[in-house]
Structures are given as C-alpha cells and as structure tokens.
Amino acid sequence: MVKEADADAYTPSARRLERERFKRTRARRATAVAACSTLVTGAVLFLAVVNSPGWQRTRETFLSGHYAREALPKVLDGLWLNLRLLVVCGAAVLVLGLLIAVARTLRGPVFFPLRALATAYTDFFRGLPLVICLLMVVFGVPALRLQGVTTDPVLLGGTALVLTYSAYVAEVFRAGIESVHPSQRAAARSLGLSARQTLRHVILPQAVRRVVPPLLNDLVSLQKDTGLVSIAGAVDAVYAAQILSSKSFNYTPYVVAGLIFVALTIPMTRFTDWVTARTDRRRAQGGIV
C-alpha cells in the first residue's frame, strides 16, 4: 500500500518547477527594485529638505528634541480624552446611524414622516461643516440656559461629533440595506417572517457585513476629528500642544500630537485594508450572499 501511495504521489514536471523558479526570481527582483527606488527617493527628499535655506530655523521651531520631550507626557495625558471620545462617540454613532438608516428604508405611507425626518437629518448634518456644528453646539446650547442641560465642553463636543458622523454612517448603513437583493426579502416573507423579523434576521446581517470596511473608514476619520473638541476648551492632545506652544512659541508640541494621531490611525487603516481584502476574497469565492 505504501508503494502504491508513493507511486501515485504527484511529481511536478520540470517545466512547472522552472516556471516557479522564474516567478520567485522575478518577485525577488521586483522587491529589490522597489526597495532601491524607495531609498533613492527618500534620500533625494531628505537632501532637498536639509539643504533648503530655512532648514535650520525650521528644525529649531518644529523639530526640537528638548520641546518634544517636554511635550510628550502632557500630550499623552490629553490623548486619553481623545480615546474616550472615540469609544463613546463611536458606539453612539453606530447605534444612531443604524436607526436613521432603518427609518429611511421603512416602507409604506404611514412611515413617510419618519423617512422625511431621517432624510432631512442626513442632508443637513452631511452638508454642515463639522467645525460649525461644534461651534453651534458648544456655544449655542449653553446660551439657551436650559434647565438640566449640561455645559460641559467635552459632552457638548462629543454630541456635535455624534450628530455629524451619524449622518455619514446612516448613509453607509442605508447603502448596505439597499444592496441586499429584493429576493432575500421576498423569500423571508414567503417563509412566514414578518417585516420586522425579515429586517432583523435577514436584511441587517447581510447589510452590516457588506459595509464593515466603509464603517471602519468613518471610525478612522472620527478618531482624528476628536481633536476638534479643543475648540470648546477641552484639554485633549491638541489643546495640550497648543498650551505648550503658546508658552514657548515653539511648534514642536503640535508635531508631537500629530505624530501620535498618525501612529494611532495607521493600525486602524491597515486593519481596514485587511478587512476589505478579506471581504473581497470571500465575495469572489461566493462566501458572502
């Protein structure tokens, strides 16, 4: 039996082996060329920057090691507020965005007021710049002097973020819901499911899986825009950098804060790319309905 198994074992032909060696050689050559071109481009850019007339002054103003070491602890303390805003506002945006998307996709004339309100909401907050929304909420709500309404700039700034981003996320969810083929709804109704059960058990699971990559992109944008709460006076990473820069007239703290945000954003961006590629592969293989 062992001999028969050995006899039936697949042996690649010489041409196949030669083709595979050629592919490996070409891949190594392409990697080497890419690495060399990257190094050359980086060296040219570096030399162009350091040899510019104002490089010395720019380095002292924006890339000071002394001010970077001084700013890093305080910027990291402020970053904790940005991370809390990302978690809380991100969860609120997903929930509110999904509710608005469902309201926009409800059928029947009785739901026309809900559809109209949801449409007006998304049109208004998608068209309103986030900075203006922050200013209106942060300074407009306290001016009303309403009883029991908070004047905390962190809560008001987070509310403005939720209002704006939920409009964008609602459109992402709505696109996912409408991308589900009508036959899925018809099949569910023919099996005896109600409209509510069809939406919950058939439509929404498919829609959410399809829109995960764009939702992650919105969360990446939200992570960066949490720094705008500094407009309200909340001491986050950006405002901490502003305080330090106003004392020394050196802008290195801004660079430190920016690099920290970049360091946080890159892993989320790469994760989004991985999820997108994985979804595309599964869809190509028929793994996603």
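In what follows, residues are counted from 1 in the order of the sequence shown. What's counted below: heavy atoms across the whole structure, side chains too, no hydrogens, waters or symmetry copies.
Lys23 has no carboxylate O lying under 4.0 Å from a charged side-chain N of Glu20, or vice versa, which leaves the two without a salt bridge. Here Arg270 pairs with Asp273 in a salt bridge; the nearest charged N to carboxylate O distance falls below 4.0 Å. The pair Glu60-Arg57 meets the salt-bridge criterion, with a side-chain N (NZ, NE, NH1 or NH2) lying under 4.0 Å from an Asp/Glu carboxylate O.
For the side chain to side chain donor-acceptor pair (under 3.5 Å) condition, the pairs that include at least one residue of residues 216-230, sequence neighbours left out, are Asn82-Thr226, Tyr165-Asp225, Gln223-Thr265.
With rounding to the nearest 0.5 Å, the separation of CZ in Phe271 from CZ in Arg278 is 9.0 Å. In this structure, CG on Asn250 lies 8.5 Å from CZ on Phe62, to the nearest 0.5 angstrom. Atoms CG and CG, from Leu72 and Leu259 in turn, are 10.5 Å apart once rounded to the nearest 0.5 Å. To the nearest 0.5 angstrom, Arg16 atom CZ is 12.5 Å from Arg21 atom CZ. Atom OH of residue Tyr168 and atom CG of residue Leu130 lie 8.0 Å apart, to the nearest 0.5 angstrom. Interatomic distance, OG1 of Thr269 versus CH2 of Trp274, reported as 15.5 Å (0.5 Å rounding).
With contacts defined as side-chain heavy-atom distances shorter than 4.5 Å, the pair Leu244/Tyr67 does not qualify. Using a 4.5 Å heavy-atom threshold, the side chains of Leu264 and Leu79 count as touching. With a 4.5 Å cut-off on side-chain heavy atoms, Leu128 and Met136 count as touching. At least one side-chain heavy atom of Phe173 sits less than 4.5 Å from a side-chain heavy atom of Leu215. Side chains of Ile231 and Pro153 form no contact here, defined as non-hydrogen atoms less than 4.5 Å apart. Taking the side chain as every heavy atom from C-beta outward, Leu216 and Val220 never approach each other to under 4.5 Å. In this structure the side chain of Val229 never reaches within 4.5 angstrom of the side chain of Val154, judged on heavy atoms. In this structure, the side chains of Leu63 and Thr252 stay at 4.5 Å or more apart for every pair of heavy atoms.
A donor-acceptor pair is defined here as one N or O able to donate and one able to accept, closer than 3.5 Å; no such pair exists between the side chain of Thr122 and the backbone of Ala167. Without hydrogens or angle criteria, Arg174 side chain to Val102 main chain gives no donor-acceptor distance under 3.5 Å. At distances below 3.5 Å, not a single donor-acceptor pair connects side-chain atoms of Arg84 with backbone N or O atoms of Val88. One N or O on the side chain of Gln206 and one on the backbone of Val202 form a donor-acceptor pair closer than 3.5 Å. Ser190 contributes a side-chain N or O that, together with a main-chain N or O of Ala187, makes up a donor-acceptor pair within less than 3.5 Å. Counting only distance, with no hydrogens or angles, the side chain of Thr61 and the backbone of Thr58 share no donor-acceptor pair below 3.5 Å.
Side-chain contact, Arg59 with Gln56: a donor N or O sits under 3.5 Å from an acceptor N or O. Between the side chains of Thr150 and Asp152, not a single donor N or O lies within less than 3.5 Å of an accepting N or O. Side-chain polar atoms of Ser183 and His181 form a donor-acceptor pair below 3.5 angstrom. For the residue pair Ser166/Tyr121, the side-chain donor-acceptor check at 3.5 Å is satisfied. Counted by atom type alone, Arg185 and Thr198 present zero donor-acceptor pairs between their side chains at under 3.5 Å.
Here the shortest heavy-atom pairing between Glu171 and Arg104 reads OE2-NH1, 2.6 Å. Between Ala237 and Ala257 the shortest heavy-atom distance is O-CB, 4.1 Å. Contact detail for Thr272 and Pro213: the closest heavy-atom pair is CG2-O, 3.6 Å. In this structure, Ala101 and Ala170 approach most closely via the heavy-atom pair CB-O, 3.3 Å. Taking all atoms of both residues into account, the shortest heavy-atom contact from Val238 to Tyr254 is O-CE2, 4.2 Å. Across all their heavy atoms, Pro205 and Arg200 have their closest contact at CD-O, 3.2 Å.
Hydrophobic clustering keeps Ile243 apart from Ile260 (ILVMFWY residues linked when any side-chain heavy atoms are closer than 4.5 Å, directly or through intermediates). Using a 4.5 Å cut-off between side-chain heavy atoms of Ile, Leu, Val, Met, Phe, Trp and Tyr, with links allowed through other members, Leu155 and Val95 fall into different hydrophobic clusters. The hydrophobic cluster containing Leu114 does not contain Leu99, counting ILVMFWY residues as joined when their side-chain heavy atoms lie under 4.5 angstrom apart, directly or transitively. Connection of Tyr239 to Val75 is not established within any shared hydrophobic cluster, with ILVMFWY side chains joined at heavy-atom distances below 4.5 Å, either directly or through further cluster members. Under the 4.5 Å side-chain heavy-atom criterion for grouping Ile, Leu, Val, Met, Phe, Trp and Tyr, Leu86 is connected to Leu96 within one hydrophobic cluster.
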Working for side chain to side chain contact (heavy atoms under 4.5 Å, CB included), residues Val149 and Val141: CA-CA 8 Å; Val149 177; Val141 172; 3.5 Å; yes

Audit row: Gln242, Ser245, side chain to side chain contact (heavy atoms under 4.5 Å, CB included) steps and yes/no: CA-CA 5 Å; Gln242 180 180 348; Ser245 296; 5.7 Å; no

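Around CH2 of Trp80, the count of heavy atoms belonging to other residues, nucleotides or ligands within 6.0 Å does not exceed 12.
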